[in-house]
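For reference, the structure is listed below as structure tokens.
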Protein chains: 2
Amino acid sequence: MATGRTHRTATRSRGIPEATVARLPLYLRALTALSERSVPTVSSEELAAAAGVNSAKLRKDFSYLGSYGTRGVGYDVEYLVYQISRELGLTQDWPVVIVGIGNLGAALANYGGFASRGFRVAALIDADPEMAGKPVAGIPVQHTDQLEKIIDDNGVSIGVIATPAGAAQQVCERLVAAGVTSILNFAPTVLSVPDGVDVRKVDLSIELQILAFHEQRKAGEEADAQADAVLAAEAAAAEKAGKGPDGDVPAVMPA
Amino acid sequence: MATGRTHRTATRSRGIPEATVARLPLYLRALTALSERSVPTVSSEELAAAAGVNSAKLRKDFSYLGSYGTRGVGYDVEYLVYQISRELGLTQDWPVVIVGIGNLGAALANYGGFASRGFRVAALIDADPEMAGKPVAGIPVQHTDQLEKIIDDNGVSIGVIATPAGAAQQVCERLVAAGVTSILNFAPTVLSVPDGVDVRKVDLSIELQILAFHEQRKAGEEADAQADAVLAAEAAAAEKAGKGPDGDVPAVMPA
DNA sequence: CCATCTTTGTGCACGCGTTCACAAAGACAT
DNA sequence: ATGTCTTTGTGAACGCGTGCACAAAGATGG
């Protein structure tokens, strides 16, 4: 059983590196802004700055798509917008369902960025019978019973899970069984999916914990010498004791 | 100027690889679940399955923290929960402010996963005077004017930005100037921050676009031979024409 | 038509992260 | 005490992603 595989292993096919794919939306956003300001061309240096990346990286990224730049001039903004859009598959419309219309689900349904680029909220689905029929963001919520029918009728291949953690795996399985092959998971759980299904997760709690780690590290660097000594002593003590179920909390706090 | 640097370059210090740090919260979640079921020990194989990663990777990750396992037995669940919590800095309390209390901000404020692990919503801040005083998730919203005072009074070092894209950079600068050194950005913009400030971004739109790319690729693989021919011809034509502002959309759609 | 100047596209080297595969460590039974 | 069996911890190889640095390409001016 393939448990919690986040991504396909192989990126063969046309061979665009996964890291590059992840940056294309960034470039596209920057380019769209330039396009709205009617800027005709842009250099790799300028565009890289706008997208927050290294210019060499950007050029290499674009080289995977083909040679769309003109030496001595830069890139044609409009043309690049079109090429990236096409590469990302945004020239077609992607119907999306959102499952779990709680606080988060409702916020997602109201999020404008959805419709802007090829994505269309085809349906909102919730398990609560009370919700059924109520409009959220102008779209009536439908009951989970209808899930399979909705997926099928609308040709949905992308599903967004915004349910509580406990329900996520079950919802995921129903979505996949109904034909969904890409899932964006907001529930704090690891989803198990069969091969060929892509899962991307967005997890607030994990992001905060990563920030906390770095924050703690920053705080620790200030009191470097002392902290090092303390940690060393503590580590030694713990090792000697074998298992210290409750050591003292160092309590290094900025303020 | 350091534009849109997502992360510190160096991970020297205690030398835990960034990739490992990003997985620690995953392990912690799985371990917490085991702890609640009163499971005393767990093998790397089992825990890896629960966290959705390779068991060798998990063991290497843990090896960076020290040798906390027992050969032939596995890892002590409670002890590991404690060690990882400590490493991530979750044994202390992190006051957090959320700026921008729209649909998303309110959803975040209501999100339970916040309080569960060391994070505490110290304040909700919004630019709309109408919002001031209104309670969201039991916490009264305060006006942006108070931002600096709130950060200072509560010793906040982590800020969450859930404003519209246009306001994000400005809010970011005020947060940083007031002393915030870690930012979780939900606004669809690249933030510029000075060195020493960590930014992590959560971007729904980007995630969807990445999924769309893979989805398109899957659809393309089915009609492999034909598509290849079409694409080759198209590419050749485009190259010859120099710049085709509007080629035909292949229109490979699942349903 | 030629020289100069800008900017792309890429070969190359380096470092990080992943995975394999196995020796060492310890539990457990006899 | 000894042997067996399980599971950890890690050395080593590999592959991907990043960034430097430069040659080639083309625009632009004389």
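We use all heavy atoms of the structure for the numbers below, so side chains are in, but hydrogens, waters and symmetry mates are not. From a predicted model like this one, the values you see are computed outputs, not experimental measurements. Letters A, B, ... are given to chains in the order of the sequence lines, protein chains preceding strands, and every chain is numbered from 1.
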Acceptor/donor pairs from residues 34-41 of chain B side chains to any protein atom, 3.5 angstrom cut, sequence neighbours excluded:
from    : atom 1 : to      : atom 2 : distance (Å)
B/Ser35 : OG     : B/Glu78 : OE2    : 2.6

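At least one donor-acceptor pair under 3.5 Å links the side chain of B/Glu46 to the backbone N or O of B/Ser43. In this structure a side-chain-to-backbone donor-acceptor pair under 3.5 Å is present from B/Lys218 to A/Thr181. Checking side-chain atoms of B/Ser85 against main-chain N and O of B/Val81 turns up a donor-acceptor pair under 3.5 Å.
Atom P of nucleotide C/dT6 and atom CG of A/Leu47 are separated by 20 Å, given to the nearest angstrom. A straight line from CG of A/Leu58 to P of D/dG17 spans 16 Å, rounded to a whole angstrom. Between the CD atom of A/Glu46 and the C1' atom of C/dT8 there is a distance of 14 Å, rounded to whole Å. Rounded to an integer number of Å, the gap from CZ of B/Phe62 to P of D/dT10 is 14 Å.
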Task: Annotated protein contacts, base or backbone, on nucleotides 16-23 of chain C with a non-hydrogen cut-off under 4.0 Å, one of B, S, - each - done: -SSBBB--
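Looking at which nucleotide of DNA chain D each of B/Gly69 and A/Val73 is closest to, the 5′-most match is held by B/Gly69.
Contact between the side-chain N/O atoms of A/Ser43 and the OP1/OP2 oxygens of C/dT7 is not found at any separation under 4.0 Å.
In this structure, of C/dA27, D/dG9, D/dA27, it is D/dA27 that holds the atom nearest to the side chain of A/Thr70.
A/Tyr79 and A/Tyr68 have their aromatic ring centers within a separation under 6.0 angstrom.
When side chains are defined from C-beta on, A/Leu184 does not count as touching A/Ile161, because their heavy atoms never get closer than 4.5 Å.
Residue A/Tyr75 is classed as a sugar-phosphate contact, given heavy-atom separations below 4.0 Å to backbone atoms only.
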